[in-house]
Protein chains: 2
Amino acid sequence: MHTKLSGWDDTIVAIATPPGIGAIGVLRISGSQAFDIIQKLFPSKILKEQPANTLHVGYLKEDENILDEVVISLFKNPASYTGEDVIEIGCHGSVYVQQQVLDALIRNGARLAKAGEFTQRAFLNKKLDLTQAEAVGDLIASNTKASQNAALKNMRGGFSNVLRELREELIKFSSLIELELDFSEEDVEFADRNKFLILIRDIEKTVNRLLNSFKLGNVIKNGVSVAIVGKPNAGKSTLLNTLLNENRAIVSEIAGTTRDTIEEIININDILFRLIDTAGIRDHSEDIIENMGVLKSKEKIKQVDIVLYLFDANNMEVEELKLIEDEIKGQNPNTVLVANKTDILQKELHEQFAGAIFISAKEEIGIESLKNILFAMAGGTSINNENIVITNARHYAALTEVLKSLQDIKSGLATNISGDLLSIDINRSLHYLGEITGEVTNEDRLNYIFSKFCIGK
Amino acid sequence: MHTKLSGWDDTIVAIATPPGIGAIGVLRISGSQAFDIIQKLFPSKILKEQPANTLHVGYLKEDENILDEVVISLFKNPASYTGEDVIEIGCHGSVYVQQQVLDALIRNGARLAKAGEFTQRAFLNKKLDLTQAEAVGDLIASNTKASQNAALKNMRGGFSNVLRELREELIKFSSLIELELDFSEEDVEFADRNKFLILIRDIEKTVNRLLNSFKLGNVIKNGVSVAIVGKPNAGKSTLLNTLLNENRAIVSEIAGTTRDTIEEIININDILFRLIDTAGIRDHSEDIIENMGVLKSKEKIKQVDIVLYLFDANNMEVEELKLIEDEIKGQNPNTVLVANKTDILQKELHEQFAGAIFISAKEEIGIESLKNILFAMAGGTSINNENIVITNARHYAALTEVLKSLQDIKSGLATNISGDLLSIDINRSLHYLGEITGEVTNEDRLNYIFSKFCIGK
């Protein structure tokens with residue numbers, strides 16, 4: 001028997017395709033009343049008598065009012081996305097028609113779905129664990145091959161499988177220790193403490209690897225911010241244009257994309273770099289530090305992942321550059337000095353600026369090297385399709401707690417603490433591991449996680 | 001055997017859902033290679049062995065690269081939208097993922113579909129006639145109940161059926177007359193000229209009714225433009241706001257919607273009125289006519305369907321109003337005089353402005369009456385679900401030609417012209433009737449008609 005949590009008995013509906021006009025629009029309805037509700041509007045066939053996973057063409061009618069000619073897809077509980085009865089209605093892609101069909105379904109007993117509610121039901125019906133559900137959201141938001149791959153891998157349970165293995169091994173030891181507690185008066189030791197220490201160290205290694213992958217995961221999922229700073233006439237706009245003209249990223253227009261603060265996005269070997277041109281930040285002051293073109297950009301410099309300090313190599317003193325370098329690197333160590341206009345630079349001056357990248361934004365010299373450096377600084381060289389990469393701050397936070405409790409277990413083992421105290425630390429590890437996959441959770445947290453999904457998913 | 005026109009042998013693909021991010025996106029592929037192309041990317045099942053109208057979940061893979069987990073809908077030739085093999089792929093609604101899947105299908109042998117090409121194939125494969133195909137486009141663009149109904153009725157063949165009946169009756173007579181020609185030396189008359197005259201008059205009546213419905217059809221499909229003109233301080237903006245606040249239309253954001261020139265849209269009993277506020281058109285001149293607030297709006301006044309001339313009833317001379325009325329009605333007979341600010345008007349002044357509508361935009365007095373008048377002027381009262389209404393200028397033009405040839409037939413009958421001459425006029429009628437449904441057509445015309453569709457339909 002298929003079990004459900006209580007409070008999820010109603011039948012939900014939403015438009016599942018992007019808003020706007022297209023050839024077709026798809027509405028999705030899920031819940032125990034899905035067939036009954038559609039049946040009221042679809043006179044041509046008895047839908048319940050049709051086999052699962054079949055398609056049916058016919059008119060959607062409310063009373064005598066024809067709404068549309070539609071194609072209906074039937075999925076039956078539990079073999080559906082949500083685990084409930086699911087029907088998808090492919091209608092003509094007029095905004096008006098889609099809205100009419102939606103309204104009719106609501107009038108006939110469906111409730112408008114909340115954001116992410118279909119996937120939340122899939123989670124509650126154990127069709128997906130929480131990391132897989134989150135990966136569905138990530139896949140829909142993906143905009144590079146790397147972010148698509150990371151999401152697909154997690155959607156298929158890659159991350160969950162790693163966590164499950166860790167949990168299972170911990171649970172094995174945990175139950176041996178619990179067994180000891182039952183026999184506590186006899187002072188037996190079922191759980192071999194040395195083997196346990198080895199296991200904990202292994203788990204710790206895996207958790208550390210996952211935690212370390214987050215920096216890359218974040219880069220894959222959210223891209224890398226790069227501030228281009230420098231004095232007026234250093235060539236910042238020319239550099240920006242050169243980078244953009246060669247390789248402008250196709251980035252989808254998402255509501256909430258940080259277009260307002262971010263200038264332009266480029267894709268370098270499948271990592272998105274958000275280039276922030278600080279050219280707009282003018283310095284009118286005579287103060288020497290401000291004149292460096294740095295001070296006004298200070299806030300940006302602290303916030304971004306990488307700073308490119310661009311200077312005109314024909315018009316820069318070695319001493320001044322040293323001052324600037326110290327000033328900026330004090331704010332952000334991921335700073336690259338970029339010597340521009342080297343196409344007109346005297347040869348002997350190259351040595352002065354050792355450590356800088358030499359380019360000519362205008363003549364497009366050194367641009368490939370600069371991009372390779374950006375890619376390497378972002379950790380791009382370690383992207384591969386094999387490793388599990390965590391991309392979610394929630395997972396990072398929980399794994400950090402797992403690591404802490406593993407360290408507590410280790411100290412416990414070192415000081416030979418009693419089985420019941422050890423058991424507490426093990427349960428803490430298990431708790432945080434379970435929180436990631438959703439085995440341990442609460443409704444508020446779930447609602448928060450799914451509220452970030454789009455309607456219809 | 002299912003027949004196809006030549007030159008349509010390739011397999012086409014397009015994203016069929018609206019552009020952007022959603023829970024799901026649907027790609028559609030149609031043509032003889034549809035199954036083979038998808039099969040290269042869908043390893044889980046032999047799709048050709050699956051029954052038609054079934055759904056299949058699995059991974060879409062190109063080499064070892066997973067593109068997405070998808071739901072595949074199978075439709076088999078000839079029982080599909082286009083009459084060809086059609087497969088729809090429901091994938092995750094990331095713009096990036098949809099594009100990746102589209103690119104993979106093109107790499108594997110599909111061609112990107114042109115706008116309307118799926119429907120054009122449906123037409124060429126005789127799944128739809130031309131008026132039905134055009135109705136599909138109208139349905140997708142529909143934004144009111146009336147435009148949805150008109151499109152649905154035509155999509156179901158309502159208009160085609162009327163035309164087919166007319167054609168069949170004409171053809172019956174035509175063949176009798178052709179028969180006479182075969183026996184021309186014997187001077188027989190198989191076709192009863194009196195009966196034929198009665199038939200022609202009946203057909204003429206139907207064609208006239210259809211032609212007359214075009215005004216309403218145009219209103220249903222394209223809405224009604226209304227210019228609000230008047231002197232500064234007549235209350236134009238207040239009236240506009242009052243109309244909008246009560247009943248602002250939900251109009252989809254279509255690329256190409258005439259937002260630039262049109263101010264606001266309201267829905268009155270299912271007809272869309274585009275209200276053009278000429279408040280922006282200022283008159284600085286001292287000239288008396290310009291001071292009427294009319295001259296600068298002259299162009300608009302000529303172009304729109306209805307003109308509302310708004311004036312402050314407390315600040316208008318009867319003589320001046322008469323002058324203005326003549327001036328405006330000379331440009332556009334569909335002018336309504338609207339006396340505003342009647343909430344503060346002395347009672348006896350009402351009689352002065354007989355023929356005007358009395359309102360107070362500020363106090364929302366008389367607004368319902370004004371809306372009823374707009375609705376009636378647009379012909380809204382004759383909207384009903386039963387009558388066939390033509391909404392397409394192409395159909396109007398062809399029916400006008402039909403009417404002309406019917407009149408020629410009538411004069412021919414009156415002057416007792418020979419059967420072979422009569423036959424020419426009958427064939428001309430048949431030609432134009434056939435042009436509407438697409439029985440008579442040429443490729444350029446077809447390409448033009450379908451080019452106005454969206455991609456994926």
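- In terms of heavy atoms, A/Asn143 sits closest to A/Ser147 at N-OG, 3.2 Å.
- Only the backbone of A/Leu74 comes within less than 4.5 Å of a heavy atom in chain B; its side chain stays farther off.
- With hydrogens and angles ignored, the 3.5 Å screen pairs a side-chain donor or acceptor of B/Asp129 with a backbone N or O of B/Thr131.
- Put simply, the side chain of B/Lys76 reaches to within 4.5 Å of the side chain of B/Phe35, judged on heavy atoms.
- Taking chain A as the reference chain and counting heavy-atom pairs below 4.5 Å, the highest number among B/Thr119, B/Ile140, B/Leu139, B/Ile455 is found for B/Ile140.
- The choice from A/Gln99, A/Glu88, A/Gln98, A/His92 that makes the most heavy-atom pairs within less than 4.5 Å of chain B is A/His92.
- The candidate with the highest count of non-hydrogen atom pairs below 4.5 Å against chain A, out of B/Gly93, B/Gly456, B/Ala16, is B/Ala16.
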Q | B/Leu41 and B/Val101: CA distance, side-chain angles, deciding distance, side-chain contact (heavy atoms from CB on, under 4.5 Å) verdict | A | CA-CA 10 Å; B/Leu41 303 172; B/Val101 173; over 6 Å; no
Q: Take A/Val224 and A/Asn218 through the side-chain contact (heavy atoms from CB on, under 4.5 Å) test and state the conclusion after the steps.
A: CA-CA 9 Å; A/Val224 178; A/Asn218 202 35; over 6 Å; no
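- In terms of heavy-atom proximity, A/Val86 sits nearest to A/Ser80 at CG2-OG, 3.6 Å.
- The interface of residues 148-157 of chain B with chain A, defined by heavy-atom distances below 4.5 Å, comprises B/Gln148, B/Asn149, B/Leu152, B/Met155, B/Arg156.
- When the heavy atoms of residues 64-72 of chain B are compared with those of chain A, the residues falling under 4.5 Å are B/Asn65, B/Ile66, B/Leu67, B/Asp68, B/Glu69, B/Val71, listed by number.
- The contact between A/Phe75 and chain B is made entirely by side chain atoms (from C-beta outward), counting heavy-atom distances below 4.5 Å.
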**Q.** Chi angles and distances behind the side-chain contact (heavy atoms from CB on, under 4.5 Å) call for A/Asn108, A/Glu62
**A.** CA-CA 9 Å; A/Asn108 283 279; A/Glu62 195 180 21; 3.4 Å; yes
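- The main-chain N or O of A/Glu134 is never found under 3.5 Å from a side-chain atom of A/Lys452 such that the two would form a donor-acceptor pair.
- Proximity to chain A (any heavy atom under 4.5 Å) is shown, for B/Pro51, by neither the backbone nor the side chain.
- The candidate from A/Ala14, A/Gly90, A/Pro18 with the greatest count of non-hydrogen atom pairs under 4.5 Å with chain B is A/Pro18.
- Note on A/Gln100, A/Lys145, A/His56: by heavy-atom pairs under 4.5 Å with chain B, the leading option is A/Lys145.
- B/Thr82 and B/Ser30 get closest at one heavy-atom pair: OG1-OG, 2.8 Å.
- Nearest approach of B/Arg28 to B/Phe118, heavy atoms of both residues: O-CZ, 3.3 Å.
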Q.
Working note: A/Ile12 + A/Ile29, criterion side-chain contact (heavy atoms from CB on, under 4.5 Å); need CA distance, chi angles, decisive distance, verdict.
A. CA-CA 6 Å; A/Ile12 54 173; A/Ile29 178 164; over 6 Å; no
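- Of all heavy-atom pairs spanning B/Leu60 and B/Phe42, the tightest one is CD1-CD1, 4.0 Å.
- Options B/Leu55, B/Ile15, B/Val136 differ in how many heavy-atom pairs under 4.5 Å they form with chain A, and the most are formed by B/Leu55.
- Taking the ring centre of B/Tyr81 as origin, the terminal cationic atom of B/Lys457 falls inside the region bounded by 6.0 Å and 45° from the ring axis.
- Nearest heavy atoms, A/Asn267 versus A/Asp270: OD1-N, 2.7 Å.
- Within the 4.5 angstrom heavy-atom criterion, only side-chain atoms of A/Tyr59, from C-beta onward, approach chain B.
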